[in-house]
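Everything below concerns the one structure shown next.
Whatever order the structure lists them in is the order used to number ligands and atoms, beginning at 1.
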Amino acid sequence: MRNVIIIGSGPAGLTAAIYTARANLNPLVFEGYGAGGQLMLTTMVENFPGFPEGILGPQLMEDMRKQAERFGAELIRKDVTGVDLSQRPFKIQVEENTYETKSLIIASGASAKLLGLESEKKLMGRGVTTCATCDGFFYRGQEVAVVGGGDSAMEEAIFLTKFATKVTVIHRRDKLRASKIMQEKAFKNPKIEFMWNSVVEKVLDENLGKVTGALIRNVKTGELIEKKFSGLFIAIGHTPNTQLFVGQLELDEQGYIITRNGTLTSVPGVFAAGDVQDHVYRQAITAAGSGCMAAMDAEKFLEHSEP
Ligand code: NAP
């Protein structure tokens, strides 16, 4: 029987691990096979406070992991395959093993949707990115492109005009999905240009190991053109990793866990932190902050639920 099990090992999960370990709760963390979360897909992180020269995303995660281990957190690099939250202790299934826990912190994150191209995978973190807030700064004085037609794509495109000389929005239809107000802002911005009915066929240049542009196909005419730019921002939405909790926890219409009063979910004793419950801020630092909150909420819950 564990005091607390943590699902996920991004900034939220590992911060929760550090705090619960230091509270002598002996946390058990299921890191998942994609351990480290979305920061493993980035290169330099320059907006995490405390690193004036920046730090590589994977290095930051390795350091957080070491810090959690130093205080006694137990980490297992496996995916949780099932949960039963219908009664306490909660049951956590990991392949053939079942673990029991008095409290649970869910920090399983969200995954940025990707186009699914081989070239996109190869150049991820080398010019292909899913976060303008994180990487926009690197493109000062350069041309970039954004894929997507929703609010995220418009927000990223507008943000990127602070740095880039030109931002091309590549959208697969001839109408945006974004809210009217975001559309107006984007249309009014002289640095933003639109390529309608267009999809990225291939990101260039795998041989150079960096983004130099893309082959773009017009879905109406079939025409294929080469467009030059040095950064490609994929903004086609995120999927919260909440499949395990459907029917057991209150989720919003997009599948994110609903939290109230900090990190409390609809089941007492179950807490959620990081991107799995946040589709607005989505930053490493906000995820870490909410991981700390979840640890403190779990600690308080355990104090009050014990005889
Ligand atoms: P979204 O609204 O689902 O939009 C995704 C966009 O990506 C759509 O334009 C979609 O095209 C396109 N897309 C999806 N899959 C694609 C693919 N495989 N290839 C090419 N294009 C693809 O996602 P979001 O923009 O991340 O927004 C999510 C939610 O957060 C929305 O409710 C949004 O309003 C909200 N949000 C609000 C703000 C704000 O108010 N400031 C900012 C960010 C997000 P189609 O249009 O053809 O489907």
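A salt bridge does not link E120 to K202: none of the charged nitrogens lies less than 4.0 Å from a carboxylate oxygen. Salt bridge present: K227 and E193 bring a charged side-chain N and a carboxylate O closer than 4.0 Å. With respect to R260 and E250, a salt bridge is recorded, a charged nitrogen being found less than 4.0 Å from a carboxylate O.
Between Y99 and F30, the distance separating the two ring centers is shorter than 6.0 angstrom. Aromatic rings of F137 and F159 (six-membered ring for Trp) have centroids beyond the 6.0 Å cut-off, not under it. Aromatic ring centres of F194 and F187: separated by under 6.0 Å.
With hydrogens and angles ignored, the 3.5 Å screen pairs a side-chain donor or acceptor of T242 with a backbone N or O of G255. Judged by distance alone, the side chain of T165 and the main-chain N or O of Q142 form a donor-acceptor pair under 3.5 Å.
Taking atom 27 (O) of ligand 1 as the reference point, the nearest protein heavy-atom neighbour is S152 OG, 3.7 Å. From the protein, the heavy atom lying nearest to atom 3 (O) of ligand 1 is R177 CD, 4.3 Å.
At a 4.0 Å cut-off, at least one heavy atom of H171 sits close enough to ligand 1 to count as contact. For E155, the closest heavy-atom approach to ligand 1 falls below 4.0 Å.
Residue contacts with ligand 1, taken as heavy atom pairs separated by less than 4.0 Å, do not involve K175 at all. Neither the backbone nor the side chain of H238 has a heavy atom within less than 4.0 Å of ligand 1. Residue-level proximity to ligand 1 for L176 is absent, since no heavy atom of it falls below 4.0 angstrom.
Taking only nitrogen or oxygen atoms, main chain and side chain alike, M182 does not reach within less than 3.5 Å of ligand 1. Geometrically, ligand 1 and R282 share no nitrogen or oxygen pair separated by less than 3.5 Å. At least one N or O atom of G149, backbone or side chain, sits closer than 3.5 Å to an N or O atom of ligand 1.
Here atom 5 (C) of ligand 1 lies nearest to I236 when heavy atoms of V280, I236, L117, D174 are compared. Scanning K113, R173, R172 for the heavy atom closest to atom 46 (O) of ligand 1 points to R173.
Of all the atoms in ligand 1, the ones that sit under 4.0 Å from a non-hydrogen atom of G237 are 23 (O), 26 (O).
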